[in-house]
Structures are given as structure tokens and as C-alpha cells.
Amino acid sequence: MKNDTVKQLLESDDLLVGISELSKVTSVSPRQIRYWEQKGYIESTGEKNGNRKFKLPMVIKVEIIKHFLDEGYTLTAAVEKAQKRQKNIHQAKLLLREIVKEIQQIDDQYTVIHLDDFSNKDGFYLIRDNKTNQTTYQIIEEKTEITIDLIGKWFEISEK
């Protein structure tokens with residue numbers, strides 16, 4: 001039940017944080033955050049009592065702007081790049097919401113992501129070996145059971 005609540009919060013973007021929390025998690029000063037808001041680069045919910053609250057997309061946007069500023073971009077360029085990146089992230093989120101069928105851990109070593117709803121109707125699997133940081137993919141028939149032995153073979157094939 002709790003996982004459903006967290007998923008709903010993240011998908012709805014209704015999670016709110018105050019300016020102090022935003023400053024703490026992004027290492028951007030409250031003064032800078034207020035300046036960016038005044039310039040229209042970010043938005044708060046505009047609480048009636050004067051306390052600024054920021055939705056999750058704004059938290060992410062502040063983090064992205066800060067990243068580009070740290071790379072040496074001007075504020076205007078950082079904001080433009082952040083807007084483009086945020087749009088791409090949103091599109092990726094929509095796509096993944098449609099095609100991720102299952103994520104499973106196998107023997108605490110492998111993370112297997114099953115993607116589906118493709119026109120070929122075979123299963124597309126992304127597999128990451130968490131110990132070696134290697135990643136591979138496989139397209140297999142839908143009813144195939146994913147086992148540790150099968151994954152081992154996939155990594156042998158990908159190394160050749």
C-alpha cells in the first residue's frame with residue numbers, strides 16, 4: 001500500500017518542499033532561489049501565508065540549473081538548457097510508464113528490467129550486473145523464465 005502512495009506522489013508531482021528544504025537538497029541559497037523565482041525561471045505555489053512551497057518538478061529544475069551553472073554556463077543559458085532537459089525527462093517518464101512491465105532483482109547481483117508493449121510482441125530485457133557494472137540486453141519470447149543460468153549465458157555472449 002505504501003509503495004502505491006509514493007508512486008502516486010511522484011507521478012502526480014504534488015510533493016511540496018519549502019525554500020529551506022529546497023536550498024538544503026540543492027545547495028542553492030534561499031536568496032538565489034528567490035531571485036530565480038522573481039525572474040520567472042522557477043515557480044512556487046505561492047502559499048497565502050508567504051511561505052514558498054515548490055513542487056517536485058521545480059526541485060528538479062533548480063538542481064539542473066545549478067548543474068549547468070557549475071559547468072560554467074550563464075544563468076540564462078543554464079535555464080534554457082534546464083528547460084530542454086526537463087522536457088526530455090518528462091517525455092522519458094511518459095514512455096517508461098507505458099513500457100516498463102517489471103523490474104526484478106536476481107540473486108542480489110542482477111537487475112532485470114522487462115520492457116513490453118512493442119509491435120514485435122517479444123520481451124525486451126535490460127540486464128545489469130550490479131557487481132561488475134556491465135549491462136546487456138536481450139529480446140526473447142514472452143514466456144521464457146529468467147534464471148541466473150540464462151543471465152550468465154547472456155553476459156558470456158555479450159563479452160564475445
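Residue numbers start at 1 and run along the sequence shown.
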Task: Residue pair Leu150 / Tyr125, side-chain heavy-atom distance below 4.5 Å - done: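 The answer is no, as the side chains (C-beta and beyond) never meet within the 4.5 Å cut-off.
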TODO: Using a 4.5 Å cut-off on heavy atoms from C-beta on, say whether the side chain of Asp116 contacts that of Phe124.
DONE: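 A side-chain contact under 4.5 Å is absent here.
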For [X], give me all partners under side chain to side chain contact (heavy atoms under 4.5 Å, CB included), at least two apart in sequence or on another chain.
{"X": "Glu102", "answer": "Gln104, His114"}
{"X": "Gln91", "answer": "Leu94"}
{"X": "Lys84", "answer": "none"}

How many angstroms lie between [atom1] in [X] and [atom2] in [Y], if you round to the nearest 0.5 Å?
{"X": "Asn51", "Y": "Ile19", "atom1": "CG", "atom2": "CD1", "value": "9.5 Å"}
{"X": "Gln32", "Y": "Ile42", "atom1": "CD", "atom2": "CD1", "value": "9.5 Å"}
{"X": "Ile65", "Y": "Met58", "atom1": "CD1", "atom2": "CE", "value": "8.0 Å"}

TODO: Can you sort out the partners of Thr147 under side-chain hydrogen bond (donor to acceptor under 3.5 Å, both in side chains), two or more places apart, ordered by chain and number?
DONE: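 Thr147: no side-chain hydrogen bond (donor to acceptor under 3.5 Å, both in side chains) contacts found.
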Task: Residues in side-chain hydrogen bond (donor to acceptor under 3.5 Å, both in side chains) contact with Lys66, at least two apart in sequence or another chain - done: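 With neighbours one apart ignored, the set is Asp70.
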Atom of [X], atom of [Y] and distance for their closest heavy-atom approach:
{"X": "Ser44", "Y": "Phe54", "result": "CB-CE2, 3.6 Å"}
{"X": "Val59", "Y": "Thr26", "result": "O-CG2, 4.1 Å"}
{"X": "Ile106", "Y": "Val112", "result": "CD1-CG2, 3.9 Å"}
{"X": "Leu16", "Y": "Lys55", "result": "CD2-CG, 3.5 Å"}
{"X": "Ser23", "Y": "Ser29", "result": "OG-CA, 3.8 Å"}

Open item on the list: Considering only residues two or more places apart or on different chains, which pairs with a residue in residues 128-139 satisfy salt bridge (Lys or Arg N to Asp or Glu O under 4.0 Å)?
Closed with: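 Checked against salt bridge (Lys or Arg N to Asp or Glu O under 4.0 Å) - neighbours excluded - no pair reaches residues 128-139.
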- [ ] List the steps and the verdict of side-chain hydrogen bond (donor to acceptor under 3.5 Å, both in side chains) for Glu71 and His67.
- [x] CA-CA 6 Å; Glu71 285 191 353; His67 166 77; 3.0 Å; yes
